[in-house]
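In what follows, a structure is listed as structure tokens, so that the remarks can point back to it.
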Amino acid sequence: MSFRLFILSISGVFAFSAGMISFFYESSWLIPVLIFLFTFILSFLILNAVFERFIYRRISSIYKLIHNLKLGKELKDALGDQVYEDPIADAEKQVRDWASEKHLEIKKLKEMERFRKEFLSNITHEFQTPLFAIQGYIEALQEGLLEEDEELAKKFLDKAANNLDRLTYLIKDLNSIYRLESGKTILNKEKFDIIKLIQETIHYMEDNAKQKNISLLLRTKPKSTTFVKADKNKVQQVLINLIDNSIKYGKKGGTTKLYVFPLIEQILIEVTDDGHGIEETHLARIFERLYRVEHSRARKVAGSGLGLSIAKHIVEAHQQNVHARSTIGIGTTISFTLEKV
Ligand SMILES: Nc1ncnc2c1ncn2[C@@H]1O[C@H](COP(=O)(O)OP(=O)(O)OP(=O)(O)O)[C@@H](O)[C@H]1O
Ligand SMILES: [Mg+2]
């Protein structure tokens, strides 16, 4: 009910009561009708003035304040001063909307806070492991290992160098994520045949796959158009990261299949393995920076949890999509699309 209708109703009730009372004392209709009208007008004027002064104006100004805070200065200036029909109902609605908006915002901020904490702890862990190893090897050399056992000292130096390489890769990967996230990476789009690129990448990864006796197979429809428009080097990076995962987390003697499906305006590429798979709870998070499923850490499979994050950033920089599905005990499929020529 609007504010004025409310006052009209109360005045009506007053006027009706006054009219009825005077009707008991008067035999004619005229006086009660006049009393009714007089009471009605008087109560309306008094109530209106009281409400206007003490309630309506205050609520109206609170409402304006909420409205302006919500819109921000620029939008408010653009809209100019508006007349509000029913500030009480509007204020109630806006406060409700505002509360639910704030609730969502707080939820998001809490999520980001959790993510930040996890990220810091992961990054510390990733840097700590190789750094402590290097420190250990150097200390052993300083304590005279070089003179005592030259062969072991050489091995330690190699291991220290490997750990330094790992740190370098980590920093390079983090840097490339930063560049992709901040839009500093420029894509050099060109037309190329994705089948050819997949074949080259399979060839490049074959030695890796052989170490676990994994076969890399390409499956595609014959004679279909497979030309895409994308940054070739970056797409190869995506393919390498996905094939690398399928080998690292695939089973010994397993198979990784690469499918190419031409869609209407896109080409869909799928990398499927028959490894252990990823639990539902982890699946949604594997594209996060530095996220690794616990058993990957426990089993000491080398990696820092950046490969999929880089892949996702590259695909999304092309305004395309990447998707993961997995079934425990059956395997994992990571798919992404590219623009078809
Ligand atoms: N094909 C897969 N099968 C099972 N688990 C997978 C697969 N691909 C990714 N994962 C899980 O997702 C996590 C994140 O993968 P991602 O490629 O981002 O990092 P990584 O392989 O651990 O390290 P990096 O790629 O940086 O060397 C992995 O640690 C692994 O637990
Ligand atoms: Mg990886």
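If you're wondering where the values come from, they're calculated on a predicted model, not measured in any experiment. Order of appearance sets the numbers: ligands from 1, and atoms from 1 within every ligand. Note that the numbering runs from 1 along the sequence shown for the chain.
- Using a non-hydrogen distance threshold of 4.0 Å, Gly275 does not register as a contact of ligand 1.
- Between Asp244 and ligand 1, no N or O atom pair is found at a separation short of 3.5 Å.
- By the side-chain contact (heavy atoms from CB on, under 4.5 Å) test, Gln319 is found to be paired with no residue, residues two or more places apart in sequence or in another chain being considered.
- The shortest N or O to N or O distance between Asp173 and ligand 1 is not below 3.5 Å.
- Taking distance alone, with nitrogen or oxygen atoms compared against 3.5 Å, Gly303 stays at or beyond that limit from ligand 1.
- Of the listed options Leu306, Thr333, Ile328, Leu306 places a heavy atom closest to atom 26 (O) of ligand 1.
- The closest approach between any non-hydrogen atom of His276 and ligand 1 is not below 4.0 Å.
- Residue contact check for ligand 1: Ile278 places a non-hydrogen atom closer than 4.0 Å to it.
- The distance criterion of under 3.5 Å between nitrogen or oxygen atoms is not met by Ser309 with respect to ligand 1.
- In this structure Asn241 satisfies the side chain to side chain donor-acceptor pair (under 3.5 Å) test together with Gln237, sequence neighbours excluded.
- Taking a cut-off of under 4.0 Å to the non-hydrogen atoms of Leu308, the atoms of ligand 1 that pass are 9 (C), 15 (O), 16 (P), 17 (O), 18 (O).
- In this structure, the side-chain contact (heavy atoms from CB on, under 4.5 Å) partners of Gln211, at least two apart in sequence or on a different chain, are Asn208.
- Legend: protein N/O/S atoms lying under 2.8 Å from the Mg ion (ligand 2), waters omitted, number 1.
- In this structure, atom 17 (O) of ligand 1 lies nearest to the protein heavy atom Asn245 ND2, 2.8 Å.
- Atom numbering of ligand 1 starts at 1 in the shown order; those under 4.0 Å from a heavy atom of Val293 are 11 (C), 29 (O), 31 (O).
- Nearest-heavy-atom check against atom 4 (C) of ligand 1 across Tyr249, Tyr169, Phe287, Tyr291 picks out Tyr249.
- Of the candidates Ile334, Asp273, Asn241, Asp273 brings a heavy atom nearest to atom 1 (N) of ligand 1.
- Between Gly305 and ligand 1, at least one N/O pair is under 3.5 Å apart.
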